[in-house]
Amino acid sequence: MSVPKGKSGPEVAKENLAKVEDWVAERNRLRDWHEYEHNGKINRSALADELDFARSVTTQNRAVKKILEEKDRLWFQAEPVIKEAQEASLERSNAALGKASAANNKLIARVAELEAENRELRRENAAYRRMKSMIESGEPGFKL
């Protein structure tokens with residue numbers, strides 16, 4: 001889109017800035033900015049079409065670009081995430097998971113040992129109950 005006749009470039013830039021500021025104020029009032037989201041940013045093409053200016057205004061007009069980037073962060077990204085911080089967090093999580101897995105494996109082995117001991121004690125207890133029953137009933141060789 002070219003500069004309209006009778007207006008200078010700076011005048012058109014100020015008009016476009018005013019349009020964007022009004023548009024942002026309207027989005028804040030209506031709280032409908034999610035309708036303009038595209039990949040975590042304001043859809044620049046939809047904005048340019050709606051405000052009737054070239055899409056290049058969103059990248060070449062510094063004031064417009066600054067406003068849009070600010071609103072991208074505010075509306076669609078709670079906080080910019082640094083890749084290194086994500087990787088460090090992932091490493092910490094993996095280390096904690098490894099420790100938890102090792103501890104879990106030890107506990108599983110201990111449970112298996114206790115279950116085996118429990119089975120053996122039940123067998124012994126059953127044998128003692130049978131002997132007690134034989135003694136109480138007066139079976140030969142088990143009299144008191």
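Residue indices begin at 1 and follow the sequence shown.
- For the pair Asn28 and Lys71, the minimum side-chain heavy-atom distance is below 4.5 Å.
- Salt bridge present: Asp72 and Arg44 bring a charged side-chain N and a carboxylate O closer than 4.0 Å.
- Using a 4.0 Å cut-off between charged side-chain N and carboxylate O, Arg110 and Glu113 make a salt bridge.
- The side-chain heavy atoms of Leu51 and Leu47, taken from C-beta on, include a pair separated by under 4.5 Å.
- The side-chain hydrogen bond (donor to acceptor under 3.5 Å, both in side chains) analysis of residues 57-66, with sequence neighbours excluded, yields no pairs.
- Here the side chains of Glu37 and Trp75 are not in contact, with every heavy-atom distance at 4.5 Å or above.
- Residues Trp23 and Tyr36 form a side-chain contact, since some pair of their non-hydrogen atoms from C-beta on lies under 4.5 Å apart.
- Using a 4.0 Å cut-off between a side-chain N of Lys or Arg and a carboxylate O of Asp or Glu, Glu15 and Lys7 qualify as a salt bridge.
- Asp32 places no side-chain N or O within donor-acceptor distance of the main-chain N or O of Glu35, the cut-off being under 3.5 Å.
- The side-chain heavy atoms of Val24 and Ile67, taken from C-beta on, include a pair separated by under 4.5 Å.
- Counting heavy atoms from C-beta on, the side chains of Arg119 and Arg122 never come closer than 4.5 Å.
- Side-chain atoms of Glu11 come within 3.5 Å of backbone N or O of Ser8 as a donor-acceptor pair.
- Put simply, the side chain of Asp22 does not reach to within 4.5 Å of the side chain of Glu26, judged on heavy atoms.
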